[in-house]
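Below: one structure, written as structure tokens.
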Amino acid sequence: MATIAREILEQFAWICQTPHPPGKEAALRGRIIDRLRGLGLNPWTDARGNLACDLPASPGCIQGPLTAVQAHLDMVCAAGSAAYVPERDPIKPIERDGFLCTAGESSLGADCGAGAAVILWLAEHPDLPHPPLRLLFTVEEEIGLRGAQEMDPTCVAGVRYLINTDGFRWGRIVTGSAGGVREHYTHTLDWAAPLSGARAWKVQVSGLRGGHSGFDIGAGRANALRLLGEVLRRVRAQVPLALYKFSGGTAFNAIPYEAAAGVVACDAQVRTLLEQAGAQALGTCRGTDPDGVLTVTEMPLPQAVWTAEQTDGLLGALGDFADGVFARHSSGAVADSSNLGHIYAQDGKLYLDAMVRCMDAAAERTLLDSHRAVCEAHGFSGQIVSRYPAWPSREDGRLGRLAAQSFRQVTGRAPEITVQHVGLEPSELLRKNPDMECICVGMDLRDCHSPKERWRLDTIGPFANMLCSILEGLAR
């Protein structure tokens, strides 16, 4: 592998040594600060924990515009193994079939560790032609762009151009993005004694592809929460059953790839009915999720089960909740979508987390109103946890043109210039400095926010060369 790519992979492996889920980036941030100081630089942090560091212009480029190169420090920690503890365990990257990935025990964290690794690589190569640079590492991007939202404006003061490295596709230059809203619904759990003679089962859906609710929602992948709810509704229409637990998914913005429920019933045929309903439900999504499976395992009878009203409430909400793609642009790109991302019980309550992404404010209001009405009808109360605005596209800017020129120079072909159906930090950073021109670029990342996440190795070197070409062009 080329030297540049290998050096960037070494930076990424160094990042992977320190766990960095959202809200717990301090240890990694501290290591980066020490590393930058070791290079003779003077990094600083704002009150929110965002990290900034100025890299002086290379010789002869001091008159160039102040340019920020930015990545977020946190990652979605999707577990593929019960032994993986995100707050404790490092990521273990391996190379396989032309990609960097894990062995399946966790997500890789290339979103946005890949961008952070490239920025650290830039810091260690100060002689590459570039204008004055501000290296920016933000926090809590994955839970609502919180670091960017609450960033001290001094972090981007004077910045003329900003290059966000959180792109997922090599060859795509993003000049705008959708806004997003995270929703959180709650239902107090009500309990009853199980019927005499009842038996209990654990019903689990696993092996679905999952993915990022912005980048992958348009692929039509199955949602494990919704699929398991469909199975349980089908069986409950034939025989009485009660739930005593239900959980699945990992985050607002991750398509759930597994879910599990605890079921109690007296009918001896319930296991067969569950397996049959699972086969039917999974059969409808073999094209997108060929590895999906449903397993039914007998369990000890619990001391209590949910009341019939409680079971009805969850299964009804799962059936009626608006989930998936609801509008597309004429180009085919997703415009409006919703993702039911996480259901879990804690402290006597059942929680439901979802995320809406929209380019249009009216569409956003319609989806939010629908979710609220459905959840309230089934006994849930809700609130908006966070929201961020859309990033208005600026396709005719100098930075976008220079990026397109640099891509053609590196690859000999034209890039895709587009808006994107994800929340990107420029939408919040532009609030701090409206005079900036921003783009988002990146390497090929696939199945992010899942244990199948992988980073295409042969896009690393070309991306670094493109970035260097952009910076050299700005310096001139």
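Because only heavy atoms are used, hydrogens play no part in the values below, and waters and symmetry mates are left out as well, while side chains stay in.
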Exercise. Run the side chain to side chain donor-acceptor pair (under 3.5 Å) check on T165 and Q70 step by step: do they pass?
Worked result: CA-CA 6 Å; T165 60; Q70 181 259 325; over 6 Å; no
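- Residue pairs that meet the salt bridge (Lys or Arg N to Asp or Glu O under 4.0 Å) test with at least one member in residues 372-381, sequence neighbours left out, are D369-R372.
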Listing, residues 110-123 side-chain donor-acceptor contacts under 3.5 Å, not counting sequence neighbours, or none:
residue : atom : partner : partner atom : Å
D111    : OD1  : H72     : NE2          : 3.1
D111    : OD2  : H449    : NE2          : 2.8
W121    : NE1  : E7      : OE1          : 2.8

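- Between the N223 side chain and the R226 main chain, a donor and an acceptor come within less than 3.5 Å of each other.
- Looking at K432, R431, R48 one by one, the single match for salt bridge (Lys or Arg N to Asp or Glu O under 4.0 Å) with E150 turns out to be R48.
- Between the CG atom of L282 and the OG1 atom of T284 there is a distance of 7.5 Å, given to the nearest 0.5 Å.
- The ring pair (Phe, Tyr, Trp, His ring centres under 6.0 Å) analysis of residues 341-361, with sequence neighbours excluded, yields the pairs H184-Y351, H342-Y344, Y344-Y351.
- Checked against ring-ring contact (aromatic ring centres under 6.0 Å, His included), F12 has the following partners two or more places apart in sequence or in another chain: W455.
- Judged as a side chain to side chain donor-acceptor pair (under 3.5 Å), the pairs with a partner in residues 300-319 (not counting sequence neighbours) are, in order, H187-Q310, R236-D312.
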For this session: Kindly determine whether M151 and L429 satisfy side chain to side chain contact (heavy atoms under 4.5 Å, CB included), including the steps that lead there.
Result: CA-CA 8 Å; M151 175 182 282; L429 298 177; 3.6 Å; yes
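- For the salt bridge (Lys or Arg N to Asp or Glu O under 4.0 Å) condition, the pairs that include at least one residue of residues 190-200, sequence neighbours left out, are R199-E298.
- Under 4.0 Å is where a charged nitrogen must lie from a carboxylate oxygen, and between R234 and E230 at least one such pair does.
- Among pairs with a residue in residues 84-93, those fulfilling salt bridge (Lys or Arg N to Asp or Glu O under 4.0 Å) read K24-E87, at least two apart in sequence or across chains.
- Two rings, from H212 and F168, have their centers less than 6.0 Å apart.
- With sequence neighbours excluded, no residue forms a ring-ring contact (aromatic ring centres under 6.0 Å, His included) with Y388.
- With sequence neighbours excluded, the residues that form a ring-ring contact (aromatic ring centres under 6.0 Å, His included) with W170 are F407.
- Atom OG in S337 sits 11.0 Å away from atom CG in D216 (nearest 0.5 Å).
- Between L189 and A345, the shortest heavy-atom distance links the atoms CD1-CB, 4.2 Å.
- Atom CZ of R169 is surrounded by 12 or fewer heavy atoms from other residues, nucleotides or ligands within 6.0 Å.
- Between D447 and the choices R456, R221, K452, the salt bridge (Lys or Arg N to Asp or Glu O under 4.0 Å) rule is met once, by R221.
- Residue pairs satisfying the ring pair (Phe, Tyr, Trp, His ring centres under 6.0 Å) criterion with at least one member in residues 245-294, sequence neighbours excluded, are absent.
- Among residues at least two apart or in separate chains, salt bridge (Lys or Arg N to Asp or Glu O under 4.0 Å) pairs with a member in residues 256-282 are R271-E275.
- By the ring-ring contact (aromatic ring centres under 6.0 Å, His included) test, Y84 is found to be paired with no residue, residues two or more places apart in sequence or in another chain being considered.
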